[in-house]
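Report on the following structure.
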Amino acid sequence: MQGTVDGFAYGAVTPAASYLAAGVSSALGLRCVVRSLHNRQSWKPGWLALGAATIGCGIWTMHFVAMVGFRIQGIPIDYDLRLTSLSLAMAIVTAGVGVFAVGYRGATPVTLTAAGVLTGLAVVGTHYTGMAALELNGTLKYDSLMVVASVVLAVTAATAALWTAASYRGFPAALGASLLMGVALTGTHYTGMAALSVHLRGATDASYMSGLYGNSSPASILLPVLIGPVVFLILSGVVVMFDPQLVLGDGDWSRATPRRRRNTAGVPERPAQPPQTASLFEPRDQPVGRHAGPRGH
């Protein structure tokens with residue numbers, strides 16, 4: 001028997017929330033990557049790891065926020081926590097390979113394309129591994145053409161987002177890259193869901209389903225699982241938004257050092273010092289702030 005699939009049980013709420021999660025996490029992750037490219041004084045591994053974890057958590061969070069609105073008429077569903085956790089690790093590791101490649105090999109066309117492909121595959125892998133985590137009294141089947149379309153969409157949009165973020169500076173480029181990544185994530189999810197059909201098994205009586213799945217709704221199952229990644233994304237946002245060089249903007253990063261070196265006639269020139277507010281991933285072997293050393297008379 002064919003099951004009736006509904007991916008919009010809460011109307012437009014879950015698609016909007018999943019796109020918001022995708023866009024915000026992508027903005028934070030891409031800014032970490034861009035910072036490591038344009039500021040050589042920062043601790044590159046720290047910013048790249050934060051960017052990879054943020055993008056990976058964003059991919060995973062987007063998927064399961066969208067799945068809160070997923071229903072199959074008359075069939076309760078549950079999730080295998082091992083596969084659910086595997087999908088999170090897959091998202092972080094696969095996106096991380098692409099992020100570190102860009103960070104250490106530079107924003108070359110070949111590197112950006114490879115990183116875009118890896119990030120797109122991270123989105124696809126997270127989606128279909130997350131769907132494999134579904135436990136229900138039925139069998140999932142996919143339309144091959146729609147699956148291919150979801151892969152193409154993920155890879156294309158993720159590559160375009162990375163190219164935009166790495167090649168252009170300023171708020172418009174950052175916004176465009178975030179919107180593109182949001183399209184890659186949510187577009188892949190809902191294209192993959194459009195490919196889905198469910199064939200129900202024979203035993204679907206209420207006592208069987210209650211004994212196997214209990215009375216939990218998808219929201220009550222998924223929301224506790226989402227707490228950890230969402231908290232991480234909030235903390236990542238705090239680190240990024242309160243980093244002084246990210247707040248100043250790309251143009252100010254490159255001009256910061258020359259401004260400090262400007263001097264007026266008659267005033268002894270002092271060595272340039274880092275700004276008073278240090279970010280989390282700045283080297284700690286340099287003094288922070290301005291030191292007023294003893295002056296000769």
Review point. When rounded to the nearest 0.5 angstrom, what is the spacing between OG in S26 and CD1 in I55?
Key: 6.5 Å
Practice item. Of all the heavy-atom pairs spanning A115 and G98, show the shortest one and how long it is. Key: CB-O, 3.5 Å
**Study point:** Cluster overlap L28 with L20, hydrophobic side-chain contacts below 4.5 Å
**Key:** yes
Practice item. Please report the C-alpha distance between W60 and V225 in whole Å, then the side-chain angles of each, then the deciding distance to 0.1 Å, and finally whether the side chain to side chain contact (heavy atoms under 4.5 Å, CB included) criterion is met. Key: CA-CA 11 Å; W60 189 90; V225 179; 3.3 Å; yes
Point to revise | Interatomic distance, L153 atom CG to T188 atom OG1 [nearest 0.5 angstrom] | key: 4.5 Å
Practice item. Measure across A17 and V65 and return the closest heavy-atom pair with its distance rounded to 0.1 Å. Key: CB-CG1, 3.8 Å
**Study point:** Contact check, side chains of T139 and R201, non-hydrogen atoms, under 4.5 Å
**Key:** yes
Revision key, fill the gap. Of all heavy-atom pairs linking A91 and T126, the shortest is CB-OG1, 3.1 Å
Point to revise | V102 side chain near L112 side chain, heavy-atom distance below 4.5 Å | key: yes
Exercise for review: Determine whether the aromatic ring centres of Y190 and Y19 lie less than 6.0 Å apart.
Suggested key: no
Check your understanding: Do side-chain atoms of W47 reach the backbone of L37 as a donor and acceptor pair under 3.5 angstrom?
Key -> no
Review point. With the 4.5 Å side-chain cut-off for hydrophobic clustering, are Y79 and Y10 part of the same group?
Key: yes
Review point. Which word best sums up how the rings of Y104 and F100 line up, parallel for under 30°, tilted for 30 to 60°, or perpendicular for over 60°?
Key: parallel
Review point. Is K141 reaching over with its side chain to a backbone N or O of S197, donor-acceptor style, under 3.5 angstrom?
Key: no
Exercise for review: Mind checking the CZ-OG1 spacing from R105 to T111? Nearest 0.5 Å is all I need.
Suggested key: 5.5 Å
Review point. Does one hydrophobic cluster hold both L121 and L83, with members joined at side-chain heavy-atom distances below 4.5 Å?
Key: no
Exercise for review: Applying side chain to side chain contact (heavy atoms under 4.5 Å, CB included), run through M67 and H127 and close with a yes or a no.
Suggested key: CA-CA 10 Å; M67 289 302 290; H127 174 78; 5.8 Å; no
**Study point:** Polar side-chain atom of S87 near backbone of T84 as donor-acceptor pair, under 3.5 Å
**Key:** yes
**Study point:** Taking every non-hydrogen atom, the tightest pair across A195 and M146
**Key:** CB-CB, 3.3 Å
Check your understanding: Does V13 belong to the same Ile/Leu/Val/Met/Phe/Trp/Tyr cluster as F64, with side-chain heavy atoms less than 4.5 Å apart forming each link?
Key -> yes
Review point. Would one find more than 12 heavy atoms of other residues, nucleotides or ligands at under 6.0 Å from atom CD of Q2?
Key: yes
Review point. Just by distance, do the side chain of S25 and the backbone of A22 share a donor-acceptor pair under 3.5 Å?
Key: yes
Review point. Got a second to check how far T54's OG1 is from I59's CD1, nearest 0.5 Å?
Key: 11.0 Å
Exercise for review: Determine, step by step, whether V33 and L162 satisfy the side chain to side chain contact (heavy atoms under 4.5 Å, CB included) criterion, reporting the C-alpha distance in whole Å, the side-chain angles of both residues, the deciding distance to 0.1 Å, and the verdict.
Suggested key: CA-CA 9 Å; V33 177; L162 284 171; 5.6 Å; no
Check your understanding: Looking at CG of L200 and OG1 of T4, how far apart are the two atoms once the value is rounded to the nearest 0.5 Å?
Key -> 8.0 Å
Check your understanding: How many angstroms lie between OH in Y142 and CG in L196, if you round to the nearest 0.5 Å?
Key -> 5.0 Å
Practice item. Please report the C-alpha distance between I77 and F70 in whole Å, then the side-chain angles of each, then the deciding distance to 0.1 Å, and finally whether the side chain to side chain contact (heavy atoms under 4.5 Å, CB included) criterion is met. Key: CA-CA 9 Å; I77 59 176; F70 177 75; 3.6 Å; yes
Review point. Going only through I, L, V, M, F, W and Y residues with side-chain contacts under 4.5 Å, is there a path from V148 to M193?
Key: no
Revision key, fill the gap. Closest heavy-atom pair, T94 versus A122, reported as atoms and distance to 0.1 Å, is CB-CB, 3.7 Å
Check your understanding: Is there a side-chain contact between V198 and L140 (heavy atoms, below 4.5 Å)?
Key -> yes
Check your understanding: Looking only at heavy atoms, which two atoms of T61 and P229 are closest? And how far apart?
Key -> OG1-CB, 3.6 Å
Check your understanding: Quick one: does S236's side chain have a donor or acceptor within less than 3.5 Å of a partner on F232's backbone?
Key -> no
